[in-house]
2 protein chains.
Amino acid sequence: MRLVIARCSVDYAGRLSAHLPLATRLLIAKADGSVLVHSDGGSYKPLNWMSPPCRLTESEGQWVVTGKSGETLTVHIEEIIAEHSYDLGVDPGLIKDGVESHLQELLAAQVNVLGEGWRLVRREFPTPIGPVDLMCRDGAGVSVAVEIKRRGEIDGVEQLTRYLDLLNRDPLLAPVHGIFAAQEIKPQARVLAEDRGIRCVTLDYDAMRGTDTGDLRLF
Amino acid sequence: MRLVIARCSVDYAGRLSAHLPLATRLLIAKADGSVLVHSDGGSYKPLNWMSPPCRLTESEGQWVVTGKSGETLTVHIEEIIAEHSYDLGVDPGLIKDGVESHLQELLAAQVNVLGEGWRLVRREFPTPIGPVDLMCRDGAGVSVAVEIKRRGEIDGVEQLTRYLDLLNRDPLLAPVHGIFAAQEIKPQARVLAEDRGIRCVTLDYDAMRGTDTGDLRLF
DNA sequence: TTGTTGATTTCGCAA
DNA sequence: TTGCGAAGTCAACAA
């Protein structure tokens, strides 16, 4: 990995065009040929960059990085303030815990929190337009399709609506009710869901993780 | 901006939990307190990070970065291989050209390419659930709502469908037809749109930009 | 290889 | 401040 502090201007030509006026920035050239242009602020996103696969061609006062489909990132270097190079080796990678699939696991093990006497039919219930997160039957034996999101927005309601439209054409299943479950539900999504007769449930990840899952399960 | 090359392990605890085993990495501490942990590969996204606003607390062999809502990024530093510090100043920022709003401008100036005798009623035509990108009338005077996307996916078709449902309740406008226009339309989106009687149009940004009079290429 | 979905998305605009 | 849609989104996973 090469780190260069330089006064530079940058031009990108690809799906869009972008330009950065002359200023002092950090240039990172990674081992795979990718280049990042960072300023001393903003979030983790560089001001400009080229993703791999790509190739860096260096000439006097200019870097040209060419991407697979012809995009180019051109860095005009006015002055190099510092330059360092290090061998980092391959990174062992990130281990995550607490994403949407975990929510699905937890709720699948605790469908009783949706209502008295509910049971899980199956996770990832298949339909021609994709799998329903959870298929349940409520206390009265009525089918309920559950869509689980970390953040509940309109798209999720539309997705569940398409599933329900389809599932309700199956006389063996119909009527199929719907539940939209998320850690956080946006007001517009809630309004749309309830307007369509879909029940909204807010999930508490920490509470679900802490709950003993065995005590109310029915088989 | 501080650049540190170090053998370190990293733990994040926030909306999710994440862990990085011991390895050599680049640590970037920006002026606003944010911290980025980069490896020598991947894309522009760091392995782990903390977005501003946040605060970096340093102690012997350990950085603790605390975010506004209590998330923490903890970097356990085993060995510092190199450390540099630079004053970059404030960046003048990025200038972009070629995004969705430009597509809308271009098509608004060339609605005749959608059909003989078409005219623009207005851009950003207001409805209670948000503005329609373009409202037109075709050669026969029938209203047509146009939704423009850079990438046409199912969400965009759903969005246009909601507009059409609403607009067709207005007897002064009805019947209102729909056009889904994008630089690239996903097959599923095309099928759904055409199933609902919405016409799909693929836009060529370069051709539209190069055209004065509107010989837009339709595929 | 292609397509679809989630994300500690981030970012920008408007109400 | 909040909400919502766009992004050069990226990245993981399935078909």
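Chain identifiers are assigned alphabetically (A, B, ...) following the order of the sequence lines, protein sequences preceding nucleic acid strands; residue numbering begins at 1 within each chain.
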What pairs of nitrogen or oxygen atoms, one from the protein and one from nucleotides 2-4 of chain D, lie under 3.5 Å apart?
from	atom 1	to	atom 2	distance (Å)
D:dC4	OP1	A:Gln188	NE2	3.4

When the distance from CD of A:Gln159 to P of C:dT4 is rounded to whole Å, what number comes out?
12 Å
Nucleotides 10-15 of chain D: protein proximity per nucleotide (B base, S sugar-phosphate only, - neither; heavy atom, under 4.0 Å):
SS----
Between CG of B:Asp133 and C1' of C:dC13 the distance, given in whole Å, is 15 Å
The side chain to side chain contact (heavy atoms under 4.5 Å, CB included) partners of B:Asp155 (sequence neighbours excluded) come to A:Asp155
Side-chain polar contacts of residues 72-80 of chain B - donor-acceptor pairs under 3.5 angstrom, sequence neighbours left out - could you list them?
from	atom 1	to	atom 2	distance (Å)
B:His76	ND1	B:Gln62	OE1	3.3
B:Glu79	OE1	B:Arg7	NE	3.4

Looking at A:Arg55, I want to see if its CZ is surrounded by more than 12 non-hydrogen atoms of other residues, nucleotides or ligands under 6.0 Å.
no
Toward the 5' end of DNA chain D, which comes first, B:Lys68 or B:Ile148, by nearest nucleotide?
B:Lys68
Please report, rounded to the nearest Å, how far the C1' atom of D:dA6 is from the CG atom of A:Leu16.
12 Å
To the nearest Å, how far apart are A:Asp155 CG and D:dA6 C1'?
12 Å
Taking atom CD of A:Glu184 and atom CD of A:Glu153, what is their separation to the nearest 0.5 Å?
8.0 Å
Can you check whether B:Asp40's main-chain N or O pairs, donor with acceptor, with A:Lys30's side chain at less than 3.5 Å?
no
If I take atom CD in residue A:Glu124 and atom C1' in nucleotide C:dG6, what distance separates them, rounded to the nearest angstrom?
13 Å
Can you tell me how far C1' of C:dG6 sits from CG of A:Leu103, to the nearest Å?
12 Å
Identified side chain to side chain contact (heavy atoms under 4.5 Å, CB included) counterpart of A:Gln104 within the set A:Val99, A:Val146, A:Asp133:
A:Asp133
Check whether any side-chain N or O of B:Thr161 sits under 3.5 Å from a backbone N or O of B:Val157 as a donor-acceptor pair, and report yes or no.
yes
Quick check: on DNA chain D, is the nucleotide nearest A:Leu47 upstream (toward 5') of the one nearest A:Glu153, or the reverse? Name the residue that is more 5'.
A:Glu153
Interatomic distance, B:Gln183 CD vs D:dA6 P [rounded to whole Å]
13 Å
Looking at every strand, decide which applies to A:Met50 at a 4.0 Å heavy-atom threshold: base, sugar-phosphate, or nothing.
base
In whole angstroms, the gap separating P of C:dG12 from CD of B:Glu100 amounts to 16 Å
Could you work out, with ring pair (Phe, Tyr, Trp, His ring centres under 6.0 Å) as the rule, every residue matching A:His84, not counting sequence neighbours?
B:His84
Pairing residues for A:Tyr44 by the ring pair (Phe, Tyr, Trp, His ring centres under 6.0 Å) criterion, not counting sequence neighbours
B:Trp49
